[in-house]
Novice: 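Take this structure first; my questions come after.
Positions are given from 1 along the sequence. Model, not experiment: these values are computed from the prediction.
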Amino acid sequence: MPTQARCDRVPPPHAKWDALDLRVLQEDDLPLDPRTWGRPEVGTWVSRRGGLPERFPMNGKALCLMSKDMFASRVPLNGHILYQDFRRRLSKALALQELIEKISTN
């Protein structure tokens with residue numbers, strides 16, 4: 001049994017990090033940061049998760065203002081799942097933004 005776990009994403013000590021390709025972080029063809037989504041992207045995202053896009057006539061910034069209950073009122077059966085997916089995507093985008101800001105200030 002190895003004494004030290006190895007992660008394929010970590011380069012060996014003699015290697016360098018290449019430029020970060022943000023496409024590896026994307027889950028699908030939608031922009032990584034849901035705050036940048038327009039109405040078409042919101043509609044695509046909602047329909048892929050079983051919702052009706054016409055119940056979400058808004059952009060990504062407006063989705064940020066919605067509570068879990070607001071999602072549930074628009075999608076009674078799976079609104080909480082839609083909400084969780086959106087919040088997860090938003091958290092990932094915010095964490096990446098924070099990391100980029102830290103790297104660029106050093």
Novice: Taking atom SG of Cys64 and atom CG of Leu94, what is their separation to the nearest 0.5 Å?
Specialist: 8.0 Å

Novice: Please round to the nearest 0.5 Å and tell me the distance separating atom NZ of Lys102 and atom CD of Glu98.
Specialist: 4.5 Å

Novice: Rounded to the nearest 0.5 Å, what's the gap from CD on Gln84 to CZ on Arg87? Could you check?
Specialist: 11.5 Å

Novice: Give me the atom names and distance for the closest heavy-atom approach of Asn59 to Val42.
Specialist: C-CG2, 3.6 Å

Novice: Treating Ile, Leu, Val, Met, Phe, Trp and Tyr as nodes and any side-chain heavy-atom pair under 4.5 angstrom as an edge, say whether Ile81 and Tyr83 lie in one connected cluster.
Specialist: no

Novice: So, does Arg74 use its side chain to make a donor-acceptor pair with the main chain of Arg55 at under 3.5 Å?
Specialist: yes

Novice: Membership question, hydrophobic clusters at under 4.5 Å side-chain separation (ILVMFWY): are Leu63 and Leu52 in the same one?
Specialist: no

Novice: Using the side chain to side chain donor-acceptor pair (under 3.5 Å) rule, collect all pairs that involve residues 35-49, keeping only residues at least two apart or in two chains.
Specialist: Asp29-Arg48, Asp33-Arg35, Arg35-Gln97, Trp45-Asp85, Arg49-Asp85

Novice: Determine, step by step, whether Leu32 and Lys92 satisfy the side chain to side chain contact (heavy atoms under 4.5 Å, CB included) criterion, reporting the C-alpha distance in whole Å, the side-chain angles of both residues, the deciding distance to 0.1 Å, and the verdict.
Specialist: CA-CA 8 Å; Leu32 186 63; Lys92 184 197 287 189; 3.9 Å; yes

Novice: So do the side chains of His80 and Phe71 get within less than 4.5 Å of each other, counting heavy atoms only?
Specialist: no

Novice: Identify the heavy atoms of Gly60 and Phe86 that sit nearest to each other, and give their distance.
Specialist: O-CZ, 3.8 Å

Novice: Report the distance from atom OG of Ser73 to atom CE of Met66, rounding to the nearest 0.5 Å.
Specialist: 6.5 Å

